[in-house]
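Below: one structure, written as structure tokens.
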Amino acid sequence: MSGRRSRPSSQLGATSKPGPLGPGQVDRYHSFRTGSDLRVVVVDGHAVGAEVRTSIKGFKSNPALGGTAEPCLGRYLEAEQLACRAAATVGAEIAGVDLLFESSGAFTICEVNTAPGTKVLTEVTPAIIAACSARVRRVDGLPAEKGARQQTVAACTG
């Protein structure tokens, strides 16, 4: 297990009341599993893919940096819901949300990527293509393809 304190809220662009560690200090202790995380790919508010990523050595679990990934859509439903809320909060219609496993069984949001790598989760590609196609049609003033996006999301989550 590894732990760390959050950075002062002034560094996060947030404000808070003075706490026991001084003005604007966020003092929640995070205890999370080192060397693995959960990536959830969200498209149009739906989790269409998820993978547990594990580092070979050290703490970087990203497959692009040598980590491994195991698909797990549906295994961590609360985390998938959290990822959908995180993507909606930042206004991302397509996102890769990285979550840390806390020792309590809860999850902490590490980051929300608006250009997620899907090297391992190739099954999310149709949903991403459908979402992008729908946006292009909307920008060009064309009618949406009836049910195409919903069918693609259903096929990915299915």
What's the separation between atom [atom1] in [X] and atom [atom2] in [Y], rounded to the nearest 0.5 Å?
X      : Y      : atom1 : atom2 : value
Lys60  : Asp37  : NZ    : CG    : 13.0 Å
Ser61  : Asp98  : OG    : CG    : 7.5 Å
Ile128 : Glu93  : CD1   : CD    : 12.5 Å
Leu99  : Thr108 : CG    : OG1   : 8.5 Å

Heavy-atom pair of closest approach, residues [X] and [Y]:
X      : Y      : value
Ala86  : Val112 : CB-CG2, 4.0 Å
Val124 : Gly49  : CG1-CA, 3.6 Å
Ser36  : Thr54  : CB-OG1, 4.0 Å
Ala127 : Val43  : O-CG1, 3.6 Å
Pro71  : Ala69  : CD-O, 4.0 Å

Less than 4.5 Å apart, any side-chain heavy atom of [X] and any of [Y]?
X      : Y      : result
Ile94  : Thr114 : no
Val40  : Tyr76  : no
Leu38  : Cys72  : yes
Pro116 : Arg39  : yes
His46  : Cys84  : no

- Arg85 bridged to Glu80 by N-O distance under 4.0 Å: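 Here Arg85 does not pair with Glu80 in a salt bridge, since their nearest N and O are not under 4.0 Å apart.
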- Indicate if Val42 and Val90 have the same hydrophobic cluster label, given that clusters are the connected sets of ILVMFWY residues with side-chain heavy-atom separations under 4.5 angstrom.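 Val42 and Val90: one cluster.
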- Query: Is a donor on one side and an acceptor on the other found under 3.5 Å between the side chain of Asn113 and the backbone of Gly96?
  - Reply: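 Side chain of Asn113 to backbone of Gly96, a donor-acceptor pair under 3.5 Å: yes, one is there.
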